There are 2 protein chains.
Amino acid sequence: MFSKACEYGIKAAIFIATKSYEDKRVSPKEIAEKINSPQAFTAKILQSLVRNDIVSSVKGAYGGFEIQKDRISQVKLAQIVKAIDGDSIYIGCGLGLEKCDENHPCPAHDKFKIVRDELQNMLENTTLEELALNIKSGSAFLKT
Amino acid sequence: MFSKACEYGIKAAIFIATKSYEDKRVSPKEIAEKINSPQAFTAKILQSLVRNDIVSSVKGAYGGFEIQKDRISQVKLAQIVKAIDGDSIYIGCGLGLEKCDENHPCPAHDKFKIVRDELQNMLENTTLEELALNIKSGSAFLKT
DNA sequence: TATAAATAGGATAAATTTATCCGAAATAAA
DNA sequence: TTTATTTCGGATAAATTTATCCTATTTATA
Ligand code: FES
Ligand code: FES
């Protein structure tokens, strides 16, 4: 469904959010440990989350990654996916035609559209906040 | 969503079905032209469709790929996807946890599950027949 | 039986994604 | 101001996916 990069990005953002509730910044090292991902690769993905204003970073000693507390409920899963995987999942054709076009549809267009619209809807209506709360409450996990 | 190989496989199967209605066998060359795919790679994918009993092949002169007419309505999109991409799309975790497990869910499990189940449902209830008919009727396309 | 036509399949190459490494730049604290 | 710490970003490598090439095998027909 999503690329590895995107999976790491989502999980990293969720972990950063849980820590930000406690006013703590986190390093790529700690993030990679907690979400079970390769550290250097994760650091790269964090950079693109920063460039896309999904998380913020503070350089230097005592720095790290964080998310402003009042932003956690504003960030949608869709933003993270779009930042990392682009929007092909939304506008691309399920069978690989140049683009998904009602006027020149692939044979599975109507079927795909329903599923894809639901996916898009889900991503746009799911906030980092609710995902992070699932972690904080102990009812969901970021690894294994 | 699907791999390139899977997209090609689905489109190839649809094209073979349309030709099989006219009792015609088709070559990888013709298939690749009609679905706009690399020929040799498409030939490889056709081999796995044959191994998975989705299409049948006839070697030698006047041979080619075909689907028994009465099987076209039996073949589900799900079989093709499973043959080529495996079942990770059905049983895998959307955030990349080892496996999707109600008892050890990722923070997005409940949200993903809804979309994934709908995708699975769609794939299992969509037949090659209806897709091929969309092509025959001219209301859908396999390339550009 | 010989020939031509067609799929099967192994070996290899190109492209993309995933992953690692290392030095540069920034920053807080001593 | 110096030092230690930390993110940034470019270069590179490994792994996977996508794509190509060539030969073997099969089969219908002449
Ligand atoms: S044209 Fe293929 S999904 Fe819309
Ligand atoms: S555990 Fe992640 S989708 Fe089910």
Side-chain angles (χ1 to χ4, degrees), chain A residues 1-13 16 19-20 23-33 35-67 81 83-86 88-89 92 95-96, chain B residues 1-13 15-16 19-20 24-33 35-67 81 83-86 88-89 92 95-96:
Chain A
M1 186 94 84
F2 305 129
S3 68
K4 279 283 167 199
C6 194
E7 290 175 1
Y8 298 153
I10 293 169
K11 288 189 284 191
I16 295 167
K19 287 296 190 175
S20 291
D23 297 305
K24 285 183 183 153
R25 292 174 185 155
V26 286
S27 64
K29 182 163 183 291
E30 184 181 4
I31 295 169
E33 280 163 3
I35 71 173
N36 197 34
S37 67
Q39 180 180 329
F41 188 45
T42 305
K44 281 273 187 287
I45 296 156
L46 287 168
Q47 286 181 38
S48 67
L49 291 183
V50 170
R51 277 192 296 269
N52 285 277
D53 296 313
I54 290 158
V55 307
S56 52
S57 66
V58 179
K59 285 184 189 175
Y62 291 77
F65 295 88
E66 65 184 6
I67 308 184
V81 172
I84 301 175
D85 279 352
S88 67
I89 200 167
L95 293 187
Chain B
M1 186 93 86
F2 305 128
S3 68
K4 279 284 167 196
C6 193
E7 291 176 0
Y8 298 152
I10 293 169
K11 288 188 283 189
F15 178 67
I16 295 168
K19 286 296 189 176
S20 292
K24 288 185 180 150
R25 292 174 184 154
V26 287
S27 65
K29 182 164 184 288
E30 184 181 2
I31 295 169
E33 280 165 3
I35 73 174
N36 197 33
S37 68
Q39 180 181 329
F41 188 45
T42 305
K44 280 272 186 290
I45 297 157
L46 288 167
Q47 286 182 38
S48 68
L49 291 184
V50 170
R51 277 193 296 269
N52 285 277
D53 295 314
I54 290 159
V55 307
S56 52
S57 66
V58 179
K59 285 186 188 174
Y62 291 76
F65 294 89
E66 65 184 6
I67 308 183
V81 171
I84 301 175
D85 279 352
S88 68
I89 199 168
L95 292 187

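It should be emphasised that the depicted structure is a prediction, and the values quoted were computed from it without experimental measurement. Every chain is numbered from 1, with letters handed out A, B, ... down the list of sequences.
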Starting at CG of B:Asn52 and ending at P of C:dA8, how long is that distance when rounded to a whole Å?
13 Å
Under 4.0 Å between a side-chain N/O of A:Ser57 and OP1 or OP2 of D:dT6, yes or no?
no
Specify the separation, in whole Å, of atom NZ of B:Lys29 and atom C1' of C:dA6.
13 Å
Using heavy atoms to find the nearest nucleotide of DNA chain C for A:Ala40 and B:Gly64 separately, return the residue whose nucleotide is more 5′.
B:Gly64
Give B:Val55 one of three labels, base, sugar-phosphate or nothing, depending on what nucleic acid heavy atoms sit under 4.0 Å from its own.
nothing
Below 4.0 Å: OP1/OP2 of C:dT18 and any side-chain N or O of A:Tyr8:
no
How many angstroms lie between CZ in A:Phe2 and CG in B:Leu95, if you round to the nearest 0.5 Å?
8.0 Å
Given D:dT7, C:dT18, D:dC8, which nucleotide is nearest the side-chain atoms of A:Pro28?
D:dT7
Can you measure from OG (A:Ser48) to CD1 (A:Ile84) and round to the nearest 0.5 angstrom?
5.0 Å
Minimum-distance nucleotide (side-chain atoms of B:Pro38 versus D:dT20, D:dC8, C:dA19)
D:dT20
What heavy-atom pair brings A:Leu46 and A:Ala12 nearest, and what distance separates the two atoms?
CD2-CB, 4.0 Å
Which heavy atom of B:Ile35 sits nearest to which heavy atom of B:Tyr8, and what is that distance?
CD1-O, 3.6 Å
Round to a whole Å and report the spacing from CG of A:Leu49 to P of D:dT7.
14 Å
Of the options D:dC8, D:dA28, D:dC21, whose atoms approach the side-chain atoms of A:Lys59 most closely?
D:dC8
In this structure, how many angstroms lie between the C1' atom of D:dT17 and the NZ atom of B:Lys44, rounded?
14 Å
When you measure from the side chain of B:Phe65, which nucleotide among D:dT20, C:dA8, D:dT5 comes out closest?
C:dA8
In whole Å, what is the span from the CZ atom of B:Phe2 to the C1' atom of D:dT18?
18 Å
From the options D:dC8, D:dT20, D:dA11, select the nucleotide whose nearest atom is closest to the side chain of A:Gln47.
D:dC8
Return the value, rounded to whole Å, for the distance between atom CD of A:Glu7 and atom P of C:dT17.
14 Å
Hey, does A:Phe65 have a side-chain heavy atom less than 4.5 Å from the side chain of A:Ser20?
no
note: B:Asp85, atom CG; D:dT17, atom P; distance rounded to Å ~ 9 Å
Gap between atoms CD and P, on A:Glu30 and D:dT7 respectively (whole Å)
11 Å
Taking the nucleotide of DNA chain C with the closest heavy atom to each, which residue, A:Val58 or A:Thr42, is nearer the 5' end?
A:Thr42
Can a side chain N or O of A:Ser27 be found less than 4.0 Å away from OP1 or OP2 on D:dT7?
no
Would you mind classifying the nucleic acid contact of B:Arg51 as base, sugar-phosphate or nothing, using non-hydrogen atoms under 4.0 angstrom?
sugar-phosphate
Does B:Asp85 use its side chain to pair, donor to acceptor, with the backbone of B:Val81 at less than 3.5 Å?
no
Just to be sure I understand the rule, does A:Tyr62 reach a base, reach only the sugar-phosphate, or reach nothing, if contact means heavy atoms closer than 4.0 Å?
sugar-phosphate
